[in-house]
Participant: 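Pasting a structure here, questions to come.
Just so it is clear: chains get the letters A, B, ... in the order the sequence lines come, proteins before strands, and each one is counted from 1. Only heavy atoms go into these numbers, but all of them, side chains included; no hydrogens, no water, no symmetry mates.
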Number of protein chains: 2
Amino acid sequence: MQTFTIISLMDATIKDIARIVKVSYATVSRALNNKHGVKPETRKRILEEARRLNYRPNAIARGLVKKQTHSIGLVIPDITNPFYPEVARGVEDAAQEAGYSVFLCNTNWEKDRELRYIELLTSKRVDGLVIAPVSETTEALQRFLRSVPVVYVSTTSVAAHESYVTIDNVKGGYLATELLIRTGKTPVAFIGSEEDSHTLQERLEGYKQALKDYHQPVDERYVRFGNFKRETGSRFIKKMVLEGVKPKGVFGENDLLAIGIIQGAKEIGLAIPEDLAVVGFDDIPLASFPEISLTTIAQPKYEMGRYAVEILLKRIGVEDTGSFPRQRLILEPNLVRRKSA
Amino acid sequence: MQTFTIISLMDATIKDIARIVKVSYATVSRALNNKHGVKPETRKRILEEARRLNYRPNAIARGLVKKQTHSIGLVIPDITNPFYPEVARGVEDAAQEAGYSVFLCNTNWEKDRELRYIELLTSKRVDGLVIAPVSETTEALQRFLRSVPVVYVSTTSVAAHESYVTIDNVKGGYLATELLIRTGKTPVAFIGSEEDSHTLQERLEGYKQALKDYHQPVDERYVRFGNFKRETGSRFIKKMVLEGVKPKGVFGENDLLAIGIIQGAKEIGLAIPEDLAVVGFDDIPLASFPEISLTTIAQPKYEMGRYAVEILLKRIGVEDTGSFPRQRLILEPNLVRRKSA
DNA sequence: TATATATTTGGAAACGTTTGCAATCAAGAG
DNA sequence: CTCTTGATTGCAAACGTTTCCAAATATATA
């Protein structure tokens, strides 16, 4: 009894099976991998013994010879940010279906932590990477990335030869602004996160485009940048009206910001959406809560994750690196109308 | 130029370095790992060449000989559920600091998907596992788990020899109920998720304990079970009052449920907290939003994640499996009072 | 029955490291 | 100048697989 337990504790290898069944371990390998060319009866004996020994193939050893690990890395800023769990879930589901596992890496928005992670992941010989980069990729980062297939998610601004999946942020910004204008909520303001973010720039471009198309003046006093935190939205809207800049509508670059805007507006006695209509971007789970009911531009987050790994796996599948054409997938944003605008 | 690129594309190995520097690859290995006993000048030359070749140690090969991968698995029901991102983050941070990577696995609450994952992870030879199991562990699962160190998170009901970190659910339930009673919100109801969940049972026990201590009757009509979805909370509270069962306070087994309860209550014209006070459990990020402002029992989610891997790594550190004593860490729940009660 | 062919098996190298042991080397002691 | 000693180095095995190639065996063909 005791002995039995101990035996089952230490991992049996292919050699153990070979020794017991009295065949070469080449044969055992073939049997275990359902390769043709092993006599049914032999195969049966091997499988039985494997089962009896509680044999688990050693993926490490296999990885060494096959030069692939069936693992991919998912590098995101922060799983705690409500935008990412869904894309992570999409990534994970798609990976799992294809027999891949995924390493979760939070960069915490830190450039060097991101770099260290990528370094680590390449050391672990992941077969590929899906990454939502902290910011514009640096040269150092590029150097690493050259040795492993990668698809970017939620960014477009990357080296010309890389694949990515994202949504049409310009269009999203346009849709948001357009709604505000058409419902008479002018002038409409824009409150965004960091100014140098490409995502922001695109959404801002959509905003300006809509303004132009509908013959609205573009007034810089109505556009502000801070960071992606909720408090920022609250602070900025209050500051704005304090300065006498009084929009009737505001487009928040993301939902957290937009929710903050609503909260700030309420604090100074503005009714939503009568006095101030606000629309956000992302459609995080929170947005749909009755208490919040935020009108917003939805991103198909889960699908973005899925598509990213689908592209990645296709890329991994082709042995001839470099011959694989860059894939760009730009998904459609979707206006979902709730009570805030 | 072209040639250079190609060279840097294929991974240089220790042998390449050895060949160029003209030493044995044993020496290269020693140099790269900062082992003593290699002449400073030799080490320098090796390090330089490694850098020049853009050498990345192959963790797979290393793992094969050292029999450890510096990877752990994180097996949770669903990263999309607001409870888990924080613990995942804690796990990841602690792991990262110790040089470990973490595989993210969503079981989607499916027993067999959980099993498949654990099978996969053991095949990949993770050094350990932190797992929030779908339900009571099965025999099959136990068999796998015996071959790898594991610490459970957010559960207590497991084999006597396993480690876990969780919070004192009984106490949490008690705290919640006590608050309701002391603020005069009696009778107080309990609305929970699946009846056979151990977590629920513990929180329910706390509820009953408090009732008893404060000489309140325990009336089964005031306790209901459904699932952990928000809608359930909403439906159940409405159903309750429809049946003439009219609590003044209700303890929702988790925040989602509690928020649902609030929403349902509002729909039928109840004022929160005047007509109905509600307290939840978990303190998910949402709970603190002004629009929600849910009084709840907070779990130190991030810390749970951290502690889990700290215990795990300590366990991994000792070579003599079996000699490591089971670790139980039961964290304190924390009442955070907001507007809903 | 002998030969050709197909099926099943085994041997051995390879994947990229780490590490115990023995060999070499430089230098200090006598 | 030789002997000891300690610091450096190299050799080779090992980790657990996969896979190429050849050997062995069985089956079909003539």
Participant: Could you tell me whether B/Arg306 and B/Glu97 make a salt bridge, using a distance below 4.0 angstrom between a side-chain N and a carboxylate O?
Facilitator: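 Answer for the salt bridge query: yes.
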Participant: When you check the phosphate oxygens OP1 and OP2 of C/dG11, does a side-chain N or O of A/Ser24 lie under 4.0 Å from one of them?
Facilitator: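 False: A/Ser24 side-chain N/O out of range (4.0 Å or more) of C/dG11 OP1/OP2.
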Participant: Atom CD1 of B/Ile46 and atom P of C/dT18: how far apart are they, to the nearest Å?
Facilitator: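 It is 12 Å, rounded to the nearest whole Å.
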Participant: Select one nucleotide: of D/dG10, D/dT17, C/dT8, the one nearest the side-chain heavy atoms of A/Pro40.
Facilitator: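 It is C/dT8.
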Participant: Can you find a side chain N or O atom of B/Thr13 that sits less than 4.0 Å from OP1 or OP2 on C/dG16?
Facilitator: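 Checking C/dG16 against B/Thr13, no side-chain N or O comes under 4.0 Å of OP1 or OP2.
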Participant: Taking the nucleotide of DNA chain D with the nearest heavy atom to each, does B/Arg125 or B/Lys22 sit closer to the 5' end?
Facilitator: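 This one resolves to B/Lys22.
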Participant: In this structure, how many angstroms lie between the P atom of C/dT17 and the NZ atom of B/Lys66, rounded?
Facilitator: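 Rounding to the nearest Å, NZ of B/Lys66 and P of C/dT17 are 13 Å apart.
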Participant: Would you please confirm or rule out a distance under 4.0 Å between OP1 or OP2 of C/dT19 and any side-chain N or O of B/Tyr25?
Facilitator: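 Checking B/Tyr25 against C/dT19: no side-chain N or O falls below 4.0 Å of OP1 or OP2.
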Participant: B/Asp16 CG to C/dT17 P: how many Å, rounded?
Facilitator: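 From B/Asp16 CG to C/dT17 P: 9 Å.
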Participant: Between D/dT18, D/dA12, C/dT17, which nucleotide has the shortest distance from any of its atoms to the side chain of B/Val65?
Facilitator: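 Between D/dT18, D/dA12, C/dT17, the one nearest the side chain of B/Val65 would be C/dT17.
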Participant: Salt-bridged, A/Asp93 to B/Arg113, with N to O below 4.0 Å?
Facilitator: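 Yes.
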Participant: Please determine whether a side-chain nitrogen or oxygen atom of B/Lys35 lies at a distance below 4.0 Å from atom OP1 or OP2 of C/dT18.
Facilitator: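 B/Lys35 to C/dT18 OP1/OP2: no side-chain N or O under 4.0 Å.
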Participant: Of the nucleotides D/dT9, D/dT17, C/dA12, which one has an atom closest to the side chain of B/Arg30?
Facilitator: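 Shortest atom-to-atom distance from the side chain points to D/dT9.
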Participant: Give the rounded distance in Å between these two atoms: CG of A/Asn58 and C1' of D/dC15.
Facilitator: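 Checked: the CG to C1' distance equals 8 Å.
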Participant: Hey, does the side chain of B/Asn33 come within less than 4.0 Å of C/dT18's phosphate (OP1/OP2), counting only N and O?
Facilitator: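 It does, given that an N or O in the side chain of B/Asn33 lies less than 4.0 Å from OP1 or OP2 of C/dT18.
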Participant: Measure NZ/B/Lys39 against P/D/dT8 and give the value in whole Å, please.
Facilitator: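 Atom-to-atom, B/Lys39 to D/dT8, this comes out as 8 Å.
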Participant: For the pair made of CG in B/Leu64 and P in C/dA14, what is the distance, rounded to whole Å?
Facilitator: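 Rounding to the nearest Å, CG of B/Leu64 and P of C/dA14 are 17 Å apart.
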Participant: Between the side-chain atoms of B/Arg56 and the base atoms of C/dG16, is any donor-acceptor pair under 3.5 Å?
Facilitator: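 Absent.
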Participant: How long is the line joining NE2 of A/His36 and P of C/dT8, in whole Å?
Facilitator: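 After rounding, the gap between these two atoms is 9 Å.
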Participant: Across the strands shown, which category fits A/Lys67 at heavy-atom distances under 4.0 angstrom: base, sugar-phosphate, nothing?
Facilitator: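 A/Lys67: backbone/sugar contact only, no base atoms under 4.0 Å.
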Participant: Is the OH atom of B/Tyr100 crowded by more than 12 outside heavy atoms at less than 6.0 Å?
Facilitator: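 Buried by this count: over 12 neighbours within 6.0 Å.
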Participant: Can B/Glu114 and B/Lys111 be counted as an ion pair, charged N to O under 4.0 angstrom?
Facilitator: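 Yes, charged N to carboxylate O under 4.0 Å.
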Participant: Would you say a side-chain N or O of A/Ser29 is under 4.0 Å from OP1 or OP2 of D/dT17?
Facilitator: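 Result: no.
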Participant: Considering only NZ, NE, NH1 and NH2 on the basic side and carboxylate oxygens on the acidic side, decide whether B/Lys314 and B/Glu310 come within less than 4.0 Å.
Facilitator: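 Not counted as a salt bridge, because no side-chain N and carboxylate O are separated by less than 4.0 Å.
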Participant: Starting at atom NE2 of B/His70, determine the distance to atom P of C/dT18, rounded to an integer number of angstrom.
Facilitator: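 Spelled out: NE2 on B/His70 to P on C/dT18 is 11 Å.
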